[in-house]
Enquirer: 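Sharing a structure with you now.
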Amino acid sequence: MSKDKIWLSSPHMGGNEQIYVNKAFEENWVAPLGPNVNGFEEDIREYLFSSPLAGGREGAEGASVAALSSGTAALHLALIMLGVKAGDEVICQSMTFAASANPIVYLGATPVFIDSEKDTLNLCPEQLERAIKDRIAKGKKPKAIIAVHLYGTPYKVDDVHKVASEYEIPVIEDAAEALGSTYKEQKCGTFGDLAILSFNGNKIITTSGGGALITGTQKQKEKAVFLATQARDAAPHYQHSEIGYNYRLSNISAGIGRGQMEVIDERVGARRKMHQFYVDLFAGIRGVKVYSEPNSNYFSNHWLSVIEVDKNATGGITREDLRLHLEQENIESRPLWKPMHMQPVFAEAPFYGTGIAEALFQNGLCLPSGSNLTDKERSRIKARILSCFSK
Ligand SMILES: *Cc1c(COP(=O)(O)O)cnc(C)c1O
């Protein structure tokens with residue numbers, strides 16, 4: 001049996017990326033601006049707001065996209081644009097990648113972490129409301145809410161946004177993992193007051209590294225680009241009345257992104273097929289739950305397929321047994337994100353929850369989900385999983 005590494009999620013080029021990159025070289029647009037940056041922004045905007053499954057949300061005509069150097073940079077700018085300052089509090093889903101929470105600390109603000117609910121693994125609307133009430137009672141109303149569509153599955157958009165609007169707190173939608181997912185046929189990345197995407201190497205499409213900020217208005221986009229290009233005032237010399245950043249996306253990277261946007265729907269289709277592969281495979285294995293959309297309002301890109309292992313029903317086989325069993329065959333799998341409130345660096349941060357994220361971290365596993373996995377690789381994965389549970 002081949003022992004070549006099977007990755008959790010690896011880059012998958014469509015073929016035309018190099019044409020865009022070569023064009024950038026031919027025209028000497030080797031800079032953090034140029035035709036690929038503008039074209040990539042327009043590709044994303046079209047995809048999110050103009051396709052049949054897009055927003056149709058009110059005011060979507062003004063919606064704009066700023067291509068940035070990373071999803072983390074996009075979150076940092078989103079927080080700045082919402083006026084978050086030192087000493088403020090910002091609510092954030094606990095079960096997520098650290099990049100969702102780190103920019104809060106860049107600004108000297110404090111993250112307040114919220115548990116997951118069990119249907120989507122995302123922000124629990126009840127704990128969210130409990131936290132907001134308690135923070136207000138303690139004297140500080142949270143400045144913003146960061147809600148994440150983890151592993152591509154939309155969070156409970158209606159419920160979360162209902163609480164947010166009741167308390168008039170803006171939502172930053174972290175759609176880093178959810179390009180191509182929809183909720184009630186509206187694309188993820190179009191729900192928040194601001195939203196972010198990531199094009200890191202392991203995401204559903206990649207620019208090798210990159211991100212985007214989705215804004216409701218053209219004016220907000222201009223502000224984001226201003227901040228991302230060192231906040232230069234309109235003057236012939238270099239003049240600054242605000243602190244700026246170097247966060248714009250390179251025209252070379254954007255060229256990769258243009259090629260990737262040509263194949264986004266195929267990539268979503270392939271990830272969803274991987275998820276169905278696991279649904280079929282685990283149908284015959286007791287004690288393993290494959291996470292799927294809770295109902296037909298949700299459409300996940302299934303960036304990563306997620307299972308939960310109940311050792312009481314598997315005859316004692318744990319998540320970690322399976323992970324190690326796969327690793328011995330050079331097949332990568334990974335526990336779910338370790339919740340932020342369990343991270344040493346966030347030990348002091350407030351947390352509102354009932355242990356759901358903790359249990360998911362204990363028993364959950366992400367399985368190889370790449371859109372470029374071959375039938376041969378699927379056979380290897382299947383054989384190895386079956387052999388773990390037939391012991
Ligand atoms: C990847 C990711 C980010 C950060 O994106 P980068 O482009 O890697 O900076 C933020 N949030 C979530 C949930 C992510 O998965």
Side-chain angles (χ1 to χ4, degrees), residues 7-11 32 40-41 44 65-80 90-107 111 113-114 116 120-123 144-155 160 171-181 188-189 191-192 194-214 224 228 245-250 253-254 256-257 260 267 271 291 300-306 334-341 343 346 357 360-361 364 366 369-370:
W7 299 92
L8 195 64
S9 177
S10 71
F40 185 43
E41 290 178 340
I44 298 167
V65 177
L68 300 170
S69 54
S70 70
T72 311
L75 279 162
H76 190 186
L77 295 187
L79 291 165
I80 293 169
V90 174
I91 285 181
C92 184
Q93 183 166 322
S94 183
M95 173 161 275
T96 186
F97 179 43
S100 300
N102 284 339
I104 301 169
V105 181
Y106 299 168
L107 290 166
F113 292 116
I114 309 290
S116 296
T120 74
L121 312 185
N122 293 313
L123 196 63
I145 296 165
I146 298 174
V148 189
H149 307 293
L150 220 51
Y151 305 117
T153 300
Y155 60 77
V160 167
V171 176
I172 299 173
E173 185 191 353
D174 182 344
E177 303 176 0
L179 185 61
S181 301
C188 289
F191 294 103
L194 293 167
I196 72 105
L197 299 171
S198 167
F199 312 112
N200 206 341
N202 61 352
K203 299 287 155 71
I204 190 147
I205 64 162
T206 182
T207 59
S208 78
L213 181 69
I214 320 296
Y245 302 85
N246 183 5
Y247 278 173
R248 202 66 164 126
L249 185 66
S250 145
S253 303
I256 303 173
Q260 290 272 278
R267 298 295 179 263
R271 299 258 175 180
Y291 273 89
S300 175
N301 68 12
H302 288 303
W303 171 59
L304 295 183
S305 288
V306 173
R334 193 181 296 155
L336 303 205
W337 299 123
K338 181 172 184 177
M340 292 304 112
H341 74 275
Q343 299 285 357
F346 291 123
L360 285 166
F361 172 63
C366 299
S369 304

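Remember, it's 1-based here, ligands and their atoms both numbered in the order they're listed.
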Enquirer: Give the protein residues with at least one non-hydrogen atom closer than 4.0 Å to an atom of ligand 1, ordered by chain and number.
Expert: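 Only Ser70, Gly71, Thr72, Thr96, Phe97, Ala99, Ser100, Val148, Asp174, Ala176, Glu177, Ser198, Asn200, Lys203, Gly210 have heavy atoms that fall under 4.0 Å of ligand 1, ordered by chain and number.
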Enquirer: If you compare all heavy atoms of Ser9 against all heavy atoms of Leu304, which two are closest, and at what distance to 0.1 Å?
Expert: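 Of all heavy-atom pairs spanning Ser9 and Leu304, the closest is CB-CD2, 3.9 Å.
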Enquirer: Can you name the residues that form a ring-ring contact (aromatic ring centres under 6.0 Å, His included) with Phe199, not counting sequence neighbours?
Expert: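 Phe199 satisfies ring-ring contact (aromatic ring centres under 6.0 Å, His included) with Phe40 once adjacent residues are dropped.
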Enquirer: Listed by chain and number, what are the side chain to side chain contact (heavy atoms under 4.5 Å, CB included) partners of Ser70, not counting sequence neighbours?
Expert: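 With neighbours one apart ignored, the set is Thr72, Ala73.
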Enquirer: Could you pull out all residues at least two apart from Tyr245 that satisfy side chain to side chain contact (heavy atoms under 4.5 Å, CB included)?
Expert: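 Counting only residues at least two positions away or on another chain, Tyr245 forms a side chain to side chain contact (heavy atoms under 4.5 Å, CB included) with His76, Leu77, Ile80, Ile243, Tyr247.
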Enquirer: Any donor and acceptor pair, going by atom type alone, linking the side chain of Ser181 with main-chain N or O of Thr153 inside 3.5 Å?
Expert: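 Side chain of Ser181 to backbone of Thr153: no pair is present.
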Enquirer: Is the shortest side-chain N to carboxylate O distance from Glu41 to Arg248 below 4.0 Å?
Expert: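 Looking at Glu41 and Arg248, the cut-off is met.
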